[in-house]
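The structure under discussion appears below in the form of structure tokens.
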Number of protein chains: 2
Amino acid sequence: MAATLLDIAKKLNISIATVSRALNDRPGVGSDLRQRVLDTAIELGFVPNMAARSLVTSRTQTVGFVIHPFDHPFSSDPFYFPILMAIEVELVTHDYHIMLTSLNSDSPINLRMVDQSRVDGLILVGPNLNPQFVTSNITSGFPVVLVDNKPGHRKANTILCDDGGGAYEAATHLIGHGHTRIAHIGGPLDWISSRHRYAGYCAAMRDAGLEANCRAVHKESTTTATGEKAAAELLDSAEPPTAIFAANDSMALGAARAAAARGLTIPGDLALIGFDNISAAEHFSPPLTTIRIFKEQMGKLAARRILELINDPGMPPVETSVSTELVLRQSCGCA
Amino acid sequence: MAATLLDIAKKLNISIATVSRALNDRPGVGSDLRQRVLDTAIELGFVPNMAARSLVTSRTQTVGFVIHPFDHPFSSDPFYFPILMAIEVELVTHDYHIMLTSLNSDSPINLRMVDQSRVDGLILVGPNLNPQFVTSNITSGFPVVLVDNKPGHRKANTILCDDGGGAYEAATHLIGHGHTRIAHIGGPLDWISSRHRYAGYCAAMRDAGLEANCRAVHKESTTTATGEKAAAELLDSAEPPTAIFAANDSMALGAARAAAARGLTIPGDLALIGFDNISAAEHFSPPLTTIRIFKEQMGKLAARRILELINDPGMPPVETSVSTELVLRQSCGCA
DNA sequence: AAGAGTTGCGTAAACGTTTACGTTTCTATT
DNA sequence: AATAGAAACGTAAACGTTTACGCAACTCTT
């Protein structure tokens, strides 16, 4: 059905080699003939067959996007969807496609996608991927970039947001409102983002001389329910905090629930800042102050990085951190 | 690097044809030899090269997932992400992969994905896809299934949720609470889901003898802001409604804002029901009564349908509707 | 004007499968 | 025991590209 190189060649009484050269503008074909090839190519609606091409070039012009299927770490909002779409938009401008695969903890370490040589590179997303899987891939020499994940022991191409900086800014802002007993509700400490956010919080407290007041509780999940539970522990303790910085918006909303259950008003009795800027944050009452993550930017950078690696696999690893933004609303105590 | 059929053949002193037959368990190879082939295949870590295979079979074992890049119709929650993941999970059990592509309104009608014969079928998702693109694809004979979309004039393989039934149940529930002046805030009427939800609402009113009280406003977007605007119009009118059924949760939250701005309490002065059951609905105060959509089920069905079509392209089109569920919380007036 | 270099094109092999068609060997029928 | 048929395996072509190599016909130097 679809036109092939041979169809064009026969129509012009030339060889398929010349046709191929003309279409891939490689040297070795006269400019007049080249033009005639181009013309009849569009006339016949020619589109190169990818299977044939990649059989000989061993290039597929496809990158794999690997994600944990139930991975909505810092919110029940699908966190990674905007990143995925941004990657796709960027890749498509370079004639690349994206192949999706989910990988839960008990999946085999090897991806069929790469074994069958369906992809030229891999973008691994999220902190919940099997660490053994991650390291085995980044040491394989196969082009890999990590998003929101980072192996501790080895350099890798990584795209993160500035979790530490964002957390520092959030905590500092609460300090600026006059709070001294500021607590932190964090995520699992084996997530790089949780560690960085916690570290940013600690640094801010230290720089303000409030080191002794540091108070953090880390849970294994980051849902609203666990946020509520964590806040309950803090609020029911001997010296309850007057402000809470939660590692994500969902937990911040949970904290607000715990506060409401104890008759505490926000931000009067308890100031609150989250992280992520999910859609619910804006519509909450009071509207939730939070840290915005530029996910589109992260996706774009991930896409560009993987393309660079594919074209030059020898490049040394680079870690990239995208800045965050404090978005002020009312839960922190601002007007 | 990767082992090929020839490697196995040489190791066993047989021909690649026999190896291929053994691995694809086709007849024509003795059971003892077949076993030895299987053994050395896993010994050498053989994985068939997809490019070579699909070059000769013209099958890629891949389906394309097409989505409008800024398509988060019934909420700012990425609506289609759970559907996408469910499709992937179902396809992977059948050794199929999924290739993602975004298609905005000004994209060319033809998908590179299919022209380059990278996919065996297409799943088109969402109401915002170019209608010309949709119809040109479903008439092409190429396997296509639609999700949350349906061409008016022609039969197609379609997966919808029971928008009409869900809306009917929502409106009927409000009527059960004693309301008579129930308004509807709807989405764009060129979306099939908007039309069905509107129709369900109308049917419920009619069946209750409240036909004369029907009152609907449709906007071009479905964000919180437009929900607020629509509710404002309704609440500021001569005979304001005592209950509102919104076509999605985001608009319902907007309506709650408009109510709050007018000093109206929920559900006392204004009862409210949404649609979708987004995460924010549960954490809103009061918690939002809404209609739950079984997106995972929709994805699973879409995946199965496309596989059926790929294996038998001649099958007559089937329209599937997944039932919805009323989830009762407080915004409707329930305890 | 003879040699060297360049340009334009064709020939053919290669990528790793699947599969139609032969050929041999085995089993079953008479 | 002779023959037919089935079963087991090999040969080779095909899928649609890319690309190394070869061979002309030019263009340029001296």
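Note that the structure is a prediction, hence the values are computed from the model and not measured. Throughout, protein chains are lettered first and strands after them, A, B, ... in sequence-line order, and every chain is numbered starting at 1.
Judged by distance alone, with hydrogens and angles left aside, the side-chain atoms of A:Glu88 form a donor-acceptor pair with the main-chain N or O of B:Ser102 at under 3.5 Å. Of the possible donor and acceptor atoms, none in the side chain of A:Ser193 sits under 3.5 Å from a partner among the backbone N and O of A:Trp191. Judged by distance alone, the side chain of A:Ser54 and the main-chain N or O of A:Met50 form a donor-acceptor pair under 3.5 Å. Put simply, the side chain of B:Asp148 never gets that close to the backbone of B:Leu160: no donor and acceptor are under 3.5 Å apart. In terms of modelled atom types and a separation under 3.5 Å, the side chain of A:Asn149 and the main chain of A:Gly126 share a donor-acceptor contact. The backbone N or O of B:Arg21 lies less than 3.5 Å from no partner atom in the side chain of B:Asn24, so there is not a single donor-acceptor pair.
We find that CG of B:Leu33 is positioned 15 Å from P of C:dC26, with the value rounded to whole Å. One can place CG of B:Asp7 at 13 Å from C1' of C:dC15, the figure rounded to the nearest angstrom. Computed from coordinates, the B:Leu6 CG to C:dT17 C1' distance equals 11 Å when rounded to whole Å. If you take CG of B:Leu5 and P of D:dG10, they are 13 Å apart, rounded to a whole angstrom.
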* Pair A:Ile87-A:Ile123, side chain to side chain contact (heavy atoms under 4.5 Å, CB included): steps then yes or no -> CA-CA 10 Å; A:Ile87 291 175; A:Ile123 299 182; 3.9 Å; yes
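Contact check of residues 46-61 of chain A against DNA chain C (heavy atom, cut-off under 4.0 Å) returns A:Leu55, A:Val56. Within residues 13-27 of chain B, the residues that place at least one heavy atom under 4.0 Å from DNA chain C are, in residue-number order, B:Ile16, B:Ala17, B:Ser20, B:Arg21, B:Asn24, B:Arg26.
A donor and an acceptor atom, one from each side chain of B:Ser20 and B:Arg26, are nowhere located under 3.5 Å apart. Side-chain contact of A:Thr60 with A:Asp120: a donor-acceptor pair under 3.5 Å is present, judged by distance alone. Side-chain atoms of A:Arg34 and A:Thr18 include no donor-acceptor pair closer than 3.5 Å.
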* To do: Using a 3.5 Å limit on both pairing distances, list the dot-bracket string of DNA chain D from the 5' end; Watson-Crick and G-U wobble pairs count, crossing pairs take [ ], interstrand pairs take |.
  => .||||||||||||||||||||||||||.|.
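Using a 4.0 Å heavy-atom distance criterion, A:Gly28 is classed as a base contact.
A distance of 12.5 Å separates CG in B:Asp312 from CG in B:Leu307, rounded to the nearest 0.5 Å.
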